[in-house]
Amino acid sequence: MKVLILAGDGIGPEIVGQAEKVLDFVAKKHALNISVDRALIGGIAVDETGHPFPAETLEKAKAADAILLGSVGGPKYDLLPRNIRPEQGLLAIRKELNLFANLRPAQVFKELSHASSLKDELVAGLDIMIVRELTGDIYFGQPRGIEERNGERVGFNTMIYSESEIRRIAHVAFQAAQKRNKRLCSIDKMNVLEATQLWRDVVTEVAAEYPDVELTHLLVDNAAMQLVRAPKQFDVMLTGNIFGDILSDEASMLTGSIGMLPSASLDENNKGLYEPIHGSAPDIAGKDIANPLATILSVGMMFRYSFNRNDIADEIENAVKTVLSQGFRTKDIATKDEKVIGCKAMGEAVLAALNA
Ligand code: IPM
Ligand code: MG
């Protein structure tokens, strides 16, 4: 198994450092042959090569079975031209590797439910899986640009989805629902947007192949409202790229701990890129206070989805639950009377729990 590590910017190197220790530990424990390589992405890649997704990184990413990514971006890069902004590195790797299926679980850990901005009873036990299409939609649609029309500047992007793009992500979502509580809610804006009328039509067609899954549809504005009104009504949510971007940030906040949530971005063959859903947090970079748990849980997802080792994924998730129940907290998830530890110490606590 070849793992490529892309630490990226900001807190990326620190959190990935702790996740790598977990990867090493389980590899030894289970006598797995895992080789680790490293490459540049994002702002650090711009600094060193002039491009956020250098050719060498693409080559290594293609050769890898799975990729672990920290985070990209930072204020230092805000003035760069759009085509070499750090985020372009992320968009490029998704597109080049055809990582169309983005799985974003939003789970409330029982020790942390008080940290949610919603009332405890609304979120206790919450467990939603957002399946977001990641390589289409207005993110990649043509035409796009800013140009002069009738004496003023006009900015434009195109929302576009083909039937085959919708169908393949729908299958991923139905299959995820089959493994969970067999409920799938598909999100669109069919009352206004043709691209999402097609979305609803195709998802409804695919549903015929999954009679055991209950399919519902919601308009995206209503879905955003339902997520804060009664989030536990959802099991799997299926969305396009832009709606999924927005709804997954909203869902993450329900859990009260954006520093806890991992994600997977998969291609047709379950080759995947794994990353925490939070950003590069430049304000706390290099201070050993970042929370490495989302990245550690991303390693868990790597074992579940790319390496087909649910047993190891469970071990990692259980170790994270153990450290939470032992009362270990990084600053972002601590309430006032809890003892705060740093990024490194949190990584070590997880290793100790894995060892126990
Ligand atoms: C995300 C991020 C990215 C996105 C940005 C950084 C390009 O917000 O992964 O959700 O919009 O997809
Ligand atoms: Mg986002």
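Here the structure is a predicted model, which is why all the values come from computation and not from measurement. Along the sequence shown, the residues carry numbers beginning at 1.
A side-chain donor-acceptor contact under 3.5 Å links D212 and Q178.
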From CA spacing to verdict: salt bridge (Lys or Arg N to Asp or Glu O under 4.0 Å), R85, E87
CA-CA 6 Å; R85 283 182 63 100; E87 293 80 3; 3.2 Å; yes

Before you tell me yes or no, could you show the steps for V131 and T239 under side-chain contact (heavy atoms from CB on, under 4.5 Å), namely the whole-Å CA-CA distance, both residues' side-chain angles and the distance that decides it to 0.1 Å?
CA-CA 6 Å; V131 176; T239 78; over 6 Å; no

Please step through side-chain contact (heavy atoms from CB on, under 4.5 Å) for the pair T57 and T49, ending with a clear verdict.
CA-CA 11 Å; T57 303; T49 72; over 6 Å; no

Show the numbers, then the answer: is there a side-chain hydrogen bond (donor to acceptor under 3.5 Å, both in side chains) between Q226 and R229?
CA-CA 5 Å; Q226 295 297 337; R229 190 189 71 85; 2.9 Å; yes

Could you check L122 against K232 for side-chain contact (heavy atoms from CB on, under 4.5 Å), going step by step and ending with a plain yes or no?
CA-CA 7 Å; L122 280 184; K232 283 193 261 183; 5.7 Å; no

I would like to know whether Y210 and L184 meet side-chain contact (heavy atoms from CB on, under 4.5 Å); could you show each step before the answer?
CA-CA 11 Å; Y210 301 91; L184 177 61; over 6 Å; no

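Of the possible donor and acceptor atoms, one in the side chain of N241 sits under 3.5 Å from a partner among the backbone N and O of G136. A distance-only check finds a donor-acceptor pair linking the side chain of T196 to the backbone of K189 [under 3.5 Å]. The backbone N or O of S113 sits nowhere less than 3.5 Å from a side-chain atom of S116 that would complete a donor-acceptor pair. Between the side chain of E96 and the backbone N or O of N98 there is no donor-acceptor pair closer than 3.5 Å. A donor-acceptor contact shorter than 3.5 Å is absent between the side chain of K331 and the backbone of V340. In this structure a side-chain-to-backbone donor-acceptor pair under 3.5 Å is missing from S280 to G10. With N318 contributing its side chain and D314 its backbone, the two residues share a donor-acceptor pair below 3.5 Å.
Tracing side-chain contacts under 4.5 Å through hydrophobic residues (I, L, V, M, F, W, Y), one never reaches M129 starting from L254; they form parts of separate clusters. Follow the hydrophobic side-chain contacts under 4.5 Å out from L297 and you never reach I128; the two are in separate clusters. No single ILVMFWY cluster, assembled from side-chain heavy atoms under 4.5 Å apart, contains both I130 and V172. Clustering ILVMFWY residues whenever any of their side-chain heavy atoms sit less than 4.5 angstrom apart, transitively, puts M190 in a cluster other than the one holding V206. Grouping the Ile, Leu, Val, Met, Phe, Trp and Tyr side chains by contacts below 4.5 angstrom, directly or via other members, places V192 with I138.
What you find for A281 and I11 is that their closest heavy atoms are O-CG2, 3.7 Å. The nearest pair of heavy atoms linking G342 to T330 is O-CG2, 4.0 Å. Among all heavy-atom pairs drawn from V16 and A7, the shortest one is CG2-CA, 4.2 Å. Across all their heavy atoms, I15 and A290 have their closest contact at CG2-CB, 4.0 Å. Between P52 and Q88, the shortest heavy-atom contact is CG-CB, 4.1 Å. Across all their heavy atoms, G8 and I44 have their closest contact at O-CG2, 3.7 Å.
The side-chain heavy atoms of K2 and D37, taken from C-beta on, include no pair separated by under 4.5 Å. Counting heavy atoms from C-beta on, the side chains of H278 and D332 never come closer than 4.5 Å. By the 4.5 Å heavy-atom criterion applied to side chains, M159 and D137 are counted as neighbours. By the 4.5 Å heavy-atom criterion applied to side chains, F234 and L218 are counted as neighbours. Between Y274 and S306, some side-chain heavy-atom pair lies under the 4.5 Å cut-off. Side chains of R168 and E268 form a contact here, defined as non-hydrogen atoms less than 4.5 Å apart. Between I333 and E111 there is no side-chain heavy-atom pair separated by less than 4.5 Å. Under the 4.5 Å side-chain criterion, counting only non-hydrogen atoms from C-beta, L198 is in contact with V202.
With values rounded to the nearest 0.5 angstrom, R38 atom CZ is found 4.0 Å from E20 atom CD. Between the CG atom in L32 and the CE atom in M1 there is a gap of 5.0 Å [rounded to 0.5 Å]. Annotation: the span from R144 atom CZ to I146 atom CD1 amounts to 10.5 Å, rounded to 0.5 Å. Interatomic distance, R183 CZ to D235 CG, rounded to the nearest 0.5 Å: 5.0 Å. For the atom pair K339 NZ and F328 CZ, the distance stands at 6.5 Å (nearest 0.5 Å). Remark: S248 OG to M237 CE distance equals 10.0 Å, nearest 0.5 Å.
Around the CZ atom of R149, the shell of radius 6.0 Å holds more than 12 heavy atoms that belong to other residues, nucleotides or ligands. Around CG of N33, the count of heavy atoms belonging to other residues, nucleotides or ligands within 6.0 Å does not exceed 12. By the neighbour-count criterion of 12 heavy atoms within 6.0 Å, atom NZ of K182 is densely surrounded, having more than that number from other residues, nucleotides or ligands. Summarising the local packing, NZ of K344 is surrounded by 12 or fewer heavy atoms from other residues, nucleotides or ligands at distances under 6.0 Å.
Shown here are the salt bridge (charged side-chain N to carboxylate O under 4.0 Å, His left out) partners of R167, two or more places apart in sequence or in another chain: E163, E205.
Between W199 and Y161, the two ring planes are tilted [angle within 30° to 60°].
Under the 4.0 Å criterion applied to side-chain N and carboxylate O atoms, E348 and K21 are assigned as salt-bridge partners. A salt bridge does not link K76 to D9: none of the charged nitrogens lies less than 4.0 Å from a carboxylate oxygen.
Considering V108, N291, I296, I277 in turn, N291 is the only one that fulfils the side chain to side chain contact (heavy atoms under 4.5 Å, CB included) rule with M260.
The hydrophobic cluster containing L273 also includes L4, L6, I41, F53, L58, I67, L69, V72, L90, I93, L97, L99, under a criterion of side-chain heavy atoms closer than 4.5 Å among ILVMFWY residues, counted directly or through chains of members.
Judged by a 6.0 Å distance limit and a 45° cone about the ring axis, R94 is not positioned over the six-membered ring of F140.
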